[in-house]
A.B. asks: 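A single structure is presented below for examination.
Side chains included, hydrogens not; waters and symmetry mates left out as well; all remaining heavy atoms used.
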Amino acid sequence: AYLKTYYPNEFIAASMSNELSNTDKLSEFYEELKRLKINVQQPCVNECFSEFIPLKNTLYYALGAIKNVGYEAIVNVVQERTNNGKYKNISDFIKRTNPKNINKLQLEGLVRAGVFDEINSNRQALFNSIPNIILKSKNNFENKMDSQINLFDDEFESNDDFLEQIDDWKTDKKLSKEFETLGFFISDHPLNQYKIIFNQYNIINYEQFENDKNSLSSNIACTVLKVQEKKTQKGNSYAIVKFSDLSGVFEIFIFSDIFELNRDKLVEGNSIMITLIKSYLD
C-alpha cells in the first residue's frame, strides 16, 4: 500500500468536470483557483480538452463546459487534434472537422469564448464569418464523400481570405460576450482598462473596504455578474447583486429605492463605480 499525493487543482478539476453545464458552480470554482494562485489556461482549440485537465500548476479549461458546445462534438474536435496535430488556422480547422461538430450555435459559443484566439484573434471577424465557415465545411465534406480532389487544397489550408475583413470587438464587448458563454471573465477583466483612473476617484477593492475597520465609506469599481430581482410583501422590487472586482467576487443587497433608480445600470456584464457606506448597529 502507498499514499498518493493529490494537488488542489486535481480535486478542483474533477469537481469542475462534474459540473460542466453549471456556470454558477464553475464561476465559484474559478474564484477558488484564483485564491489558490493556480493558473488557468483560457479555452483554446490547440491546448485544451473536452474536460478540465490539471497539469502541474495549470488547469486547462474544458471546451465541453462552453455554453451551447456539445460535449460529444468537442470530443471529436480534440481527438482530431490529438491524432493529427494542432490546427494551423481556421481553414485547416474546417478541413479537418466534420460539419456535424461545428453548427452555428457551437461556433458562436467557441468564438465568444476565445477558443480560436491562438490561430485568429479577431473574434468579431470569426463571428460574422460563421455562415461562410459552415458553408465551406459542408462543401469540403461533400467533396470528400464524392472522392473529389481539390486542386487548390494547399491554398485552402493556408488561406483565410473568406473571413470578413472587420476590426475586432472592443474590449468591453469582447469580454461581455465571453461572459455570456462562460459565466465569468477568464482572458481579462473589464476593469483592467480603467485602472488608470482608480487613484483619481479613490477607488479601492471590496476586500480592502470590508477588512479595514477605519474605512467607513469608499468607492468600489466592479462589474455586474448576476442580478437576482425579488419582491417585498408590498410588491416593491429589490435585488441581490453579485459583483466582481479585481480582488474577487462579492454580493450586495440593493434596497428597493436604490434598485429602481439604478435598474438600467445593474445589467450583467456592465462595469460601474459604486459608493459603499458602512453602517454599524448599536
A.B. asks: Looking only at the side chains, is there a donor atom on one of Asn132 and Glu164 sitting less than 3.5 Å from an acceptor on the other?
C.D. replies: no

A.B. asks: Would you kindly say whether Ser271 and Thr223 are connected by a side-chain donor-acceptor distance under 3.5 Å?
C.D. replies: yes

A.B. asks: Please check if the side chain of Glu19 supplies one atom and the backbone of Met16 the other of a donor-acceptor pair under 3.5 Å.
C.D. replies: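 No; zero donor-acceptor contacts below 3.5 Å.
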
A.B. asks: What pair of heavy atoms forms the shortest contact from Ile12 to Glu32, and how long is it?
C.D. replies: CD1-CG, 4.1 Å

A.B. asks: Do NZ/NE/NH1/NH2 and the carboxylate oxygens of Glu210 and Lys278 come within less than 4.0 Å?
C.D. replies: no

A.B. asks: Kindly state each residue pair satisfying salt bridge (Lys or Arg N to Asp or Glu O under 4.0 Å) with at least one member in residues 108-125, sequence neighbours excluded.
C.D. replies: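 Qualifying pairs, neighbours excluded: Lys104-Glu108, Arg112-Glu180, Asp117-Arg123, Arg123-Glu178.
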
A.B. asks: Side chains of Asn76 and Gln79 only: does a donor on one sit below 3.5 Å from an acceptor on the other?
C.D. replies: no

A.B. asks: What's the shortest heavy-atom distance between Asn46 and Tyr87, and which atoms?
C.D. replies: OD1-N, 2.8 Å

A.B. asks: With sequence neighbours left out, write down each residue that passes side chain to side chain donor-acceptor pair (under 3.5 Å) with Gln41, or none if nothing qualifies.
C.D. replies: none

A.B. asks: Any donor-acceptor pair under 3.5 Å linking the side chain of Gln124 with the backbone of Asp167?
C.D. replies: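 Here the side-chain-to-backbone pair exists.
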
A.B. asks: If we ignore hydrogens and angles and just use 3.5 Å, is the side chain of Asn270 paired with the main-chain N or O of Leu266 as donor and acceptor?
C.D. replies: no

A.B. asks: Taking all non-hydrogen atoms of both residues into account, name the closest pair between Leu63 and Val78 and its distance.
C.D. replies: CD1-CG2, 4.1 Å

A.B. asks: Both conditions, 6.0 Å and 45 degrees, for the charged tip of Lys177 above the ring of Phe127: are they met here?
C.D. replies: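 Lys177 over Phe127 ring: yes.
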
A.B. asks: Nearest 0.5 Å please: distance from the CG atom of Asn120 over to the CG atom of Leu126.
C.D. replies: 4.5 Å

A.B. asks: Taking the side chain as every heavy atom from C-beta outward, state whether Tyr30 and Ile186 have any pair of such atoms under 4.5 Å apart.
C.D. replies: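 Yes. Closest side-chain heavy atoms under 4.5 Å.
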
A.B. asks: Between Glu51 and Tyr71, does any side-chain donor sit less than 3.5 Å from a side-chain acceptor?
C.D. replies: yes

A.B. asks: Consider side chain to side chain contact (heavy atoms under 4.5 Å, CB included). Of Asp168, Asn128, Asp160, which one does Asn122 pass it with?
C.D. replies: Asp168

A.B. asks: Does the structure place the NZ or CZ of Arg81 under 6.0 Å from the centre of the six-membered ring of Phe49, at an angle of no more than 45° from the ring's axis?
C.D. replies: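 Judged by the rule (NZ or CZ under 6.0 Å from the ring centre, within 45° of its axis), Arg81 counts as positioned above Phe49.
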
A.B. asks: Would you check if the distance from the ring center of Phe179 to the ring center of Phe184 is below 6.0 Å?
C.D. replies: no

A.B. asks: Check residues 248-258 and write down every donor-acceptor pair under 3.5 Å in which the side-chain atom is one partner and the other belongs to a residue at least two apart or another chain.
C.D. replies:
| residue | atom | partner | partner atom | Å |
| --- | --- | --- | --- | --- |
| Ser256 | OG | Ser237 | O | 2.9 |

